[in-house]
Protein chains: 2
Amino acid sequence: MELDQLTECYKAMADKTRLNILALLRHEELCVCELVDILKMTQPSISQHLRKLKQAKLVKERRNSQWIFYSIDGEIYPFIKANLEALPDMSAKIEELKASGGKVCC
Amino acid sequence: MELDQLTECYKAMADKTRLNILALLRHEELCVCELVDILKMTQPSISQHLRKLKQAKLVKERRNSQWIFYSIDGEIYPFIKANLEALPDMSAKIEELKASGGKVCC
DNA sequence: ATTTTATATAAACATATGGTTATATACTAA
DNA sequence: TTAGTATATAACCATATGTTTATATAAAAT
């Protein structure tokens, strides 16, 4: 692949918050406010991280009325599956969110 | 894996020069001055990039008298092979180096 | 229409990063 | 021991990055 595209990919992954987001999206698509809830960060911060991931084509978005749901993309990267598999399991965080009634949305 | 370890790995890969170094080392181990030659960058700059790669355990070093040869490591990362395979082929650069008599060393 | 909710963008700031120049260290050769 | 070669480290600087606060946009509900 092109080095510039690869650099953008790894830059996008070179941040703990963004790896957390990817790890969460592995389980299911989530909207911004759910990520804010789970990661306990401000909404603009999450939005900007999502923008980087989207620019690197690691996530895609889908609008559903007032919410925008993000999900894993990365299909342009032949290696992405292997990388995502190395991310820690975050299902507990997702369960927490659902238990606290924070799911669908918000 | 641990998110901190993964973050360090992707940070190390999030730079064009370092991806170039990894792409070159895929072919064979190289010493610092050979990398300086091929990448046409200053020696301190290359050294500092190598340090980052080494800290992330993506490369390892082997001393041979006055030279230090770097080679691919990354064995702590289950995905690293897939990632290295996506790097562009740099064999032409290596051939150039050998043709110009710059090999073994320096 | 106006208000509320969800998200994005902008401006400002502190910290991180990469490059350069200068210097230190490690080994070799004389 | 001294000089030369290979590499590492340090100090400095410019640019990039991530966070915060404030504001803008878009859709929903009233």
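Residue numbers begin at 1 in each chain, while the letters A, B, ... track the order of the sequences.
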Do A/Ser47 and A/Gln43 have a side chain donor and acceptor closer than 3.5 Å? yes
Rounded to 10°, tell me the angle between the two end axes of the helix from C/dA1-D/dT30 to C/dA30-D/dT1, each built from five pairs. 20°
Nucleotide D/dG18, atom C1' - distance to CG of A/Leu19 in whole Å: 15 Å
OP1 or OP2 of C/dA8 sitting under 4.0 Å from any side-chain N/O of A/Tyr70? yes
Heavy atoms from C-beta onward define the side chain here; which of C/dT17, D/dA8, C/dA6 lies closest to that of B/Glu61? D/dA8
Review item, nucleotides 19-24 of chain C N/O atoms under 3.5 Å of protein N/O:
{"unit_1": "C/dG19", "atom_1": "OP2", "unit_2": "B/Ser45", "atom_2": "OG", "d": "3.1"}
{"unit_1": "C/dG19", "atom_1": "OP2", "unit_2": "B/His49", "atom_2": "NE2", "d": "2.4"}
{"unit_1": "C/dT20", "atom_1": "OP2", "unit_2": "B/Thr42", "atom_2": "OG1", "d": "3.3"}
{"unit_1": "C/dT20", "atom_1": "O4", "unit_2": "B/Gln48", "atom_2": "NE2", "d": "3.2"}

A/Trp67 has an atom CH2; how far is it from atom C1' of D/dA29, in whole Å? 11 Å
State which of D/dA27, D/dA6, C/dG18 makes the closest approach to the side chain of B/Cys33. D/dA6
Could you check whether A/Lys16 gets within reach of a base, just the sugar-phosphate, or nothing at all, counting any heavy atom under 4.0 Å? nothing
B/Leu53 CG to D/dA8 C1', in whole Å, measures 15 Å
What's touching nucleotides 28-30 of chain C from the protein side, N or O pairs under 3.5 Å?
none

Between CG of A/Leu30 and P of C/dA6 the distance, given in whole Å, is 15 Å
Residues two or more places apart in sequence or in another chain: which of them pass salt bridge (charged side-chain N to carboxylate O under 4.0 Å, His left out) with B/Arg51? none
Check the distance between C/dG18's P and B/Leu39's CG and give it to me in whole angstrom. 15 Å
side-chain hydrogen bond (donor to acceptor under 3.5 Å, both in side chains) involving A/Arg26 - partner list, sequence neighbours excluded: none
For B/Gln5, side-chain hydrogen bond (donor to acceptor under 3.5 Å, both in side chains) partners two or more places apart: B/Tyr77
So, A/Ser100 versus A/Glu96: side-chain donor-acceptor pair below 3.5 Å or not? no
Which residues share a side-chain hydrogen bond (donor to acceptor under 3.5 Å, both in side chains) with A/Glu85, sequence neighbours left out: none
For B/Lys54, all residues meeting salt bridge (charged side-chain N to carboxylate O under 4.0 Å, His left out), sequence neighbours excluded: B/Glu61
Might you point out which heavy atoms bring B/Ala86 and A/Pro78 nearest each other, and give the distance in Å? CB-CG, 4.4 Å
Between C1' of C/dC27 and CZ of B/Arg62, the distance in whole Å: 15 Å
For A/Lys52, which residues count as a side-chain contact (heavy atoms from CB on, under 4.5 Å) partner, sequence neighbours excluded? A/Arg18
Can you name the salt bridge (charged side-chain N to carboxylate O under 4.0 Å, His left out) partners of B/Lys16, sequence neighbours left out? A/Asp4
Whole-Å gap separating C1' (C/dT17) and CD (B/Glu8): 15 Å
Quickly work out the B/Leu50 CG to D/dA6 C1' distance and round it to whole Å. 13 Å
For B/Lys52, report the nucleic acid contact type (base, sugar-phosphate, nothing); a contact means any heavy atom under 4.0 Å. sugar-phosphate
DNA chain C: A/Lys11 or A/Arg51, which has the more 5' nearest nucleotide? A/Arg51
By side-chain hydrogen bond (donor to acceptor under 3.5 Å, both in side chains), which residues pair with B/Ser45, not counting sequence neighbours? none
Of all pairs that satisfy ring-ring contact (aromatic ring centres under 6.0 Å, His included), the ones with a partner from residues 17-52 of chain B, not counting sequence neighbours: none
